Colleague: 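Encoded as structure tokens, here's the structure I'll be asking about.
Bear in mind that the values here come from a model prediction, so they are computed numbers and not experimental data. FYI, side chains are in, hydrogens and waters are out, and symmetry mates aren't considered; it's all heavy atoms of this structure.
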Amino acid sequence: MNTLKQAKIGRTVKVVKLHGEGAVKRRIMDMGITKGVEIYVRKVAPLGDPIEVTVRGYELSLRKADAEMVEIE
């Protein structure tokens with residue numbers, strides 16, 4: 001299982017599944033990250049947290065813990 005946390009800079013990935021429970025999963029979905037959406041990995045901070053991505057035409061920064069809940073292909 002690959003997660004968004006493991007995605008390389010410059011790659012475009014597709015969301016397969018969201019893991020997590022309740023409010024955390026809902027927050028990720030509210031940011032536009034849903035099953036089937038494509039995400040472009042723009043940057044990763046020097047210490048790996050946060051990860052900057054482009055999703056649905058806007059830039060978004062995600063914590064590593066949140067990125068780990070997004071399964072990709």
Side-chain angles (χ1 to χ4, degrees):
M1 175 182 95
N2 288 333
T3 63
L4 187 57
K5 178 183 168 188
Q6 300 161 331
K8 303 289 182 214
I9 297 170
R11 276 193 60 209
T12 299
V13 296
K14 188 174 182 180
V15 177
V16 176
K17 185 177 181 183
L18 291 175
H19 298 276
E21 296 289 321
V24 176
K25 185 175 180 179
R26 179 84 247 161
R27 187 168 50 84
I28 291 171
M29 291 175 73
D30 288 344
M31 288 188 274
I33 300 173
T34 55
K35 185 179 177 183
V37 75
E38 291 192 344
I39 298 175
Y40 173 71
V41 182
R42 294 176 46 90
K43 291 189 237 176
V44 177
L47 297 175
D49 202 7
I51 298 168
E52 189 176 306
V53 298
T54 300
V55 59
R56 298 181 190 260
Y58 69 94
E59 277 110 39
L60 177 67
S61 292
L62 288 172
R63 292 180 291 203
K64 278 195 292 189
D66 293 340
E68 210 165 22
M69 294 181 194
V70 182
E71 185 179 334
I72 60 169
E73 65 178 18

Colleague: When rounded to the nearest 0.5 angstrom, what distance separates NZ in Lys35 from NZ in Lys14?
Modeller: 9.5 Å
Colleague: So, do Val70 and Val13 sit near enough that their side-chain heavy atoms are less than 4.5 Å apart?
Modeller: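 Of all side-chain heavy-atom pairs linking Val13 with Val70, none is under 4.5 Å.
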Colleague: Would Ile28 end up clustered with Tyr40 when hydrophobic side chains under 4.5 Å apart are linked, directly or stepwise?
Modeller: no
Colleague: Working to the nearest 0.5 angstrom, can you tell me the gap between Glu71 CD and His19 NE2?
Modeller: 4.0 Å
Colleague: Kindly indicate, with the supporting measurements, whether the criterion side chain to side chain contact (heavy atoms under 4.5 Å, CB included) is fulfilled by Lys25 and Met29.
Modeller: CA-CA 6 Å; Lys25 185 175 180 179; Met29 291 175 73; 4.3 Å; yes
Colleague: For Ile72 and Thr3, work out which heavy atoms get closest and say how close.
Modeller: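 Minimum heavy-atom separation between Ile72 and Thr3: CD1-O, 3.5 Å.
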Colleague: About how many Å separate NZ of Lys43 and OG1 of Thr54, when rounded to the nearest 0.5 Å?
Modeller: 10.0 Å
Colleague: Nearest 0.5 angstrom please: Arg42 CZ to Ile51 CD1, how far?
Modeller: 14.0 Å
Colleague: Please determine whether residues Ile39 and Leu18 belong to a single hydrophobic cluster, defined as Ile, Leu, Val, Met, Phe, Trp and Tyr linked transitively by side-chain heavy-atom distances below 4.5 Å.
Modeller: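 Cluster IDs for Ile39 and Leu18 match.
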Colleague: Quick check for you: to the nearest 0.5 Å, what is the distance between Lys8 atom NZ and Gln6 atom CD?
Modeller: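 Spacing of NZ (Lys8) from CD (Gln6) equals 8.5 Å.
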Colleague: Within the 4.5 Å heavy-atom criterion, are Arg56 and Thr34 side-chain neighbours or not?
Modeller: yes
Colleague: Any chance you could measure Glu68, atom CD, to Lys5, atom NZ, to the nearest 0.5 Å?
Modeller: 4.0 Å
Colleague: Honestly curious: do Val16 and Leu4 fall in one hydrophobic cluster under the side-chain, below-4.5 Å linking rule?
Modeller: no
Colleague: Is there side-chain contact between Ile33 and Leu60, with at least one heavy-atom pair below 4.5 Å?
Modeller: yes
Colleague: Indicate the atoms forming the closest heavy-atom contact of Val37 with Gly32, along with that distance.
Modeller: CG1-O, 3.9 Å
Colleague: How close do Met69 and Gly20 get, heavy atom to heavy atom, and via which atoms?
Modeller: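 For Met69 versus Gly20, the nearest heavy atoms are SD-CA, 4.1 Å.
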Colleague: Output all residues satisfying side-chain contact (heavy atoms from CB on, under 4.5 Å) with Arg63, sequence neighbours left out; order by chain, then residue number.
Modeller: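 Counting only residues at least two positions away or on another chain, Arg63 forms a side-chain contact (heavy atoms from CB on, under 4.5 Å) with Arg27, Asp49, Asp66.
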